[in-house]
Amino acid sequence: MKRFDLRHLKNEFYNRMGEIIDSNLENGEVGIFIFELGDFENVKKSAEFIKNRGDELMNSIRFNQVDWILVVKKRG
């Protein structure tokens, strides 16, 4: 399990999250991604992004007032 902080990317974290999943996670490995919530729509978009990639969204959690965490399992 690896943790990745994407908060510095604000609302532009989707592509970077996909790149990280592709290059830093093995099939079946879990990654924890933290991003700045900003617009709540980011939560829905990120869940759809993961699903469309074919990966598994294991959990989606509000971390604090401004940050959100996704737990993602890479599928091969």
Side-chain angles (χ1 to χ4, degrees):
M1 187 177 326
K2 298 176 183 172
R3 181 182 173 272
F4 304 95
D5 189 342
L6 305 176
R7 290 178 284 191
H8 63 285
L9 298 173
K10 306 292 183 194
N11 290 335
E12 303 299 322
F13 65 92
Y14 303 102
N15 289 335
R16 181 65 183 132
M17 183 169 55
E19 291 170 1
I20 290 171
I21 293 170
D22 290 340
S23 64
N24 291 304
L25 297 178
E26 300 294 327
N27 290 339
E29 189 173 18
V30 174
I32 298 172
F33 297 90
I34 185 168
F35 64 91
E36 189 173 297
L37 181 57
D39 181 4
F40 195 77
E41 188 70 17
N42 286 335
V43 175
K44 180 180 176 185
K45 286 181 183 178
S46 61
E48 291 172 0
F49 178 81
I50 295 299
K51 180 181 176 184
N52 290 337
R53 285 181 43 88
D55 298 312
E56 180 182 350
L57 179 61
M58 299 179 71
N59 214 335
S60 179
I61 307 162
R62 185 174 205 141
F63 182 63
N64 57 36
Q65 292 290 30
V66 294
D67 300 324
W68 201 270
I69 292 178
L70 297 178
V71 181
V72 178
K73 184 181 225 178
K74 180 177 180 179
R75 296 286 181 196

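We use all heavy atoms of the structure for the numbers below, so side chains are in, but hydrogens, waters and symmetry mates are not. What you are looking at is a predicted structure, and each value in this text was computed from that prediction instead of being measured. We're numbering straight along the sequence, starting at 1.
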Legend entry - Smallest separation among heavy atoms of Leu37 and Asn11, with atom names: O-OD1, 4.4 Å

Legend entry - hydrophobic_cluster_shared for Leu9 and Ile21, side chain cutoff 4.5 Å: yes

Inset, instruction - May I ask you to check whether over 12 heavy atoms, not counting those of Glu26, lie within 6.0 Å of atom CD? - result: no

Inset, instruction - Specify the closest pair of heavy atoms between Asn59 and Ile61, including all atoms of both residues, with the distance to one decimal. - result: OD1-CG1, 3.5 Å

Legend entry - Spatial distance of atom CD1 (Ile20) from atom CG (Asn15) [nearest 0.5 Å]: 11.0 Å

Inset, instruction - With rounding to the nearest 0.5 Å, note down the distance linking CG in Asp55 to CG in Asn27. - result: 9.0 Å

Legend entry - Charged N-O contact under 4.0 Å between Arg62 and Asp67: no

Inset, instruction - Run the salt-bridge test on Glu36 and Arg7 with the 4.0 Å N-O cut-off and return the result as yes or no. - result: no

Legend entry - Same cluster (ILVMFWY, side-chain, under 4.5 Å), Phe63 and Ile32: yes

Legend entry - Backbone N/O of Met58 and side chain of Lys73: donor-acceptor pair under 3.5 Å: no

Inset, instruction - Let me see the working for Leu25 and Phe4 under side chain to side chain contact (heavy atoms under 4.5 Å, CB included), right down to the final yes or no. - result: CA-CA 11 Å; Leu25 297 178; Phe4 304 95; 4.1 Å; yes

Inset, instruction - For the residue pair Asp5 and Phe35, establish whether any side-chain heavy-atom pair is separated by less than 4.5 Å. - result: no

Atom pairs and distances, side-chain donor-acceptor, residues 43-51, under 3.5 Å, sequence neighbours left out:
unit_1, atom_1, unit_2, atom_2, d
Ser46, OG, Asn42, O, 3.0
Ser46, OG, Val43, O, 2.8

Inset, instruction - Verify the neighbour count for atom CD of Glu41: are there more than 12 heavy atoms of other residues, nucleotides or ligands below 6.0 Å? - result: yes

Legend entry - Val30 and Val71, any side-chain heavy atoms less than 4.5 Å apart: yes

Inset, instruction - Drop me the distance from Arg53's CZ to Lys74's NZ, to the nearest 0.5 angstrom. - result: 7.5 Å

Legend entry - Approximate separation, where rounding is to 0.5 Å, of Glu29 CD and Lys2 NZ: 4.5 Å

Inset, instruction - Could you tell me whether the side chain of Ile34 reaches within less than 4.5 Å of the side chain of Leu6, counting heavy atoms only? - result: no

Inset, instruction - Find the distance between CZ (Arg16) and NE2 (His8) and round it off to the nearest 0.5 Å. - result: 7.5 Å

Inset, instruction - Kindly state whether the ring of Trp68 and the ring of Phe40 have centres lying under 6.0 angstrom apart. - result: yes

